[in-house]
Structure formats: C-alpha cells, structure tokens
2 protein chains.
Amino acid sequence: MQKNPVQCQFVAALDSIVGKWKPIILYHLLQGKPLRFNELRRLLPDITQRMLTLHLRELEEDEIVKRVIYPQIPPKVEYSITEYGRTLAPILESLHQWGKAHVERKQLKKAENEQNETD
Amino acid sequence: MQKNPVQCQFVAALDSIVGKWKPIILYHLLQGKPLRFNELRRLLPDITQRMLTLHLRELEEDEIVKRVIYPQIPPKVEYSITEYGRTLAPILESLHQWGKAHVERKQLKKAENEQNETD
DNA sequence: CTGTATCCCCAGCGATACTG
DNA sequence: CAGTATCGCTGGGGATACAG
C-alpha cells in the first residue's frame, strides 16, 4: 500500500496509539492494575461504549492489550497491558510530557498577546 | 472543550505530529538541511500540493517549522526545523524505531500463520 | 516556483437502541 | 455487566484547476 518504508513505519506506530481515546486508555492501563470494562468507562466519562469496545479490540489485535474473560454471571472482563504493550510506555510518557509543555507554551503566548492588546 | 487534562495533553502533542504526512515531513526536516517546497514534494512523491501546504502551515503555527521567503522571481521558500521543533526529535525517533519493530513483528506473525496452514 | 480555491468522498466517530 | 447493530454526521484528505 505504502512504498515508502519510513512513512510506513510511522503509520504503523501511530496506528497503534492514535484514535481519539487510545492514548488515554493506554495511560490508565499502564498504571498496572487490570481494569474492567465499566471501570474504564468510569475513567473516561465521555467515551461511548461503542468506541471503548472498538479501541480495545484494536489494541488487542496489536497485542498491546490482553483481554481476560471470567466465565460467570454477571460477566466479568478484565483488560491489562501486555509485556509488548509496555514497550510503548516511554513513548506515551514522552508524548504526555511534551503535550503538557506545549499547552502551557500556547497559553503563555495567548497571555502575551492579550497583554499587547491592552497596550 | 476537553475537561480531562491528561487527555488534553495527549491531544495537544498528537495534533502537532499527527496528520497523514506530518511525521515524514518532520523526519526529513530533522535531517537538518532547510528544504524548498518542491524539494519536499520530491521527497514525498504521493503528497498533494494542497496537503503539503496545509501541513506546513500547521507546523508553522505551532512554531515547529520556520518558513523563510526569499523575495525573488521565481519565488523561493525554505522550510526548516526550529529549536522548539527539535524537542520533538526524540519522540519521532522513538516512534520510528517502534514502528519499524512493529511491522517486522507483524510480518513474522503472518509468516508463522502461513506456515501453520501448510502443516 | 509556490502556492489558493473548489468540489467531493469516505473513514472515524457519536447517538441510540437492543442483547446474552 | 459487557457488549452488538444501525444510522448519520463531520472533518481530514484527494483531485483538479487556477494564480501571483
């Protein structure tokens, strides 16, 4: 599909972490504790059931997330990060840090501009 | 718009590097040499003029890329990475490495499956 | 050479309802 | 509790033509 290998590699990596809710899902799972479906929903108040399911399935497909079903009534399903998924931790952490600095930077610029307007 | 700060920070970071062609544009500019508009087009054979312009404008807006216009005929415009843009280098590099390993891993799995089918 | 302007399509996501 | 199934919208991106 893509002939350019470098492009391809970026796409492959980004596919695994991009998606409106993927980074934050991974962020929570990387805390270490396995989480149930509804626990994740509570942590992400604005996500729809549909998107949570879809994203988890994709992460499972990439073997970044492991899904364990406890055969009982009512059903219980736990999601946890895999060993392989943990290799994403440093990248997610860097992204998080950079993003934090970036929003602060933008707010600073905005404040400066408003200051200039009142001059 | 987003109340969750962590989500917000991820979004801010990803906005700066996500976009179908942004990572590879940055990859080339991070090599260090300023590049002209058409040089970038040649490096990204499949990008449209429109998308190259749009992505460069967004990167410029975030002060990740600097645009220098040489007032001459025919026009000459050079794009280069900024100091601030360089802070993205380690993240892009990690993404690139991880993506490379990820595609190799997937190809391995695929080969294994095809092996099993012929058993 | 370095762009804009238009038009159009589709994949990602949301809302809502239903189910074992 | 942990999901599917449908339907519909929106915005990111592509194709093409035009312009300073």
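When reading the values below, keep in mind they use all heavy atoms of this one structure, side chains included, and skip hydrogens, waters and symmetry mates. Note on naming: letters A, B, ... go to the chains in the order of the sequence lines (proteins, then strands), and numbering restarts at 1 for each one.
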State, yes or no, whether a side-chain contact exists between [X] and [Y] at a heavy-atom distance under 4.5 Å.
X: Leu95(A); Y: Ile17(B); result: yes
X: Pro23(B); Y: Leu14(A); result: yes
X: Leu56(A); Y: Thr53(A); result: no

Quick one: which of dA2(D), dG3(C), dG3(D) gets closest to the side chain of Phe37(B)?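 When the side chain of Phe37(B) is considered, dG3(C) is the closest of dA2(D), dG3(C), dG3(D).
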
Residue mapping more 5' on DNA chain C - nearest nucleotide basis, Pro75(A) or Thr48(A):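 Checking each residue's closest nucleotide, the 5'-ward one belongs to Thr48(A).
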
Do Tyr27(A) and Val103(A) share a hydrophobic cluster, counting only Ile, Leu, Val, Met, Phe, Trp and Tyr and linking them when any side-chain heavy atoms are less than 4.5 Å apart?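 As far as the 4.5 Å side-chain criterion goes, Val103(A) and Tyr27(A) are not connected within one cluster.
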
Is the shortest side-chain N/O distance from Arg36(A) to OP1 or OP2 of dA2(D) below 4.0 Å?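 Answer is yes, contact under 4.0 Å.
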
If only side-chain N and O atoms of Tyr79(A) are considered, is one of them under 4.0 Å from the OP1 or OP2 phosphate oxygen of dG3(D)?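 Affirmative; the distance criterion is met.
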
Taking atom [atom2] of [N] as reference, at what distance in whole Å does atom [atom1] of [X] sit?
X: Ile73(A); N: dC1(D); atom1: CD1; atom2: C1'; answer: 10 Å
X: Leu44(B); N: dT2(C); atom1: CG; atom2: C1'; answer: 16 Å
X: Arg67(A); N: dC1(D); atom1: CZ; atom2: C1'; answer: 12 Å
X: Leu52(A); N: dC13(C); atom1: CG; atom2: C1'; answer: 14 Å
X: Gln49(B); N: dC7(C); atom1: CD; atom2: P; answer: 19 Å
X: Arg41(B); N: dG14(D); atom1: CZ; atom2: P; answer: 13 Å
X: Ile69(A); N: dA2(D); atom1: CD1; atom2: C1'; answer: 10 Å
X: Leu56(A); N: dC1(D); atom1: CG; atom2: C1'; answer: 14 Å

Could you write out each protein N or O paired with an N or O of nucleotides 10-13 of chain D at a distance under 3.5 Å?
from	atom 1	to	atom 2	distance (Å)
dG13(D)	OP1	Lys20(B)	N	2.9
dG13(D)	N7	Arg50(B)	NH2	3.2

Classify Arg57(B) by what it touches in the nucleic acid, base, sugar-phosphate, or nothing, heavy-atom distance under 4.0 Å.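 It contacts sugar-phosphate atoms only.
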
Any donor and acceptor pair, going by atom type alone, linking the side chain of Lys100(A) with main-chain N or O of Pro5(B) inside 3.5 Å?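 Here the side-chain-to-backbone pair does not exist.
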
If the condition is salt bridge (Lys or Arg N to Asp or Glu O under 4.0 Å), which residues does Lys109(B) pass it with, not counting sequence neighbours?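 Lys109(B) satisfies salt bridge (Lys or Arg N to Asp or Glu O under 4.0 Å) with Glu63(A) once adjacent residues are dropped.
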
Under 30°, 30 to 60°, or over 60°: which ring-plane class applies to His102(B) and Tyr84(A), parallel, tilted or perpendicular?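 Parallel.
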
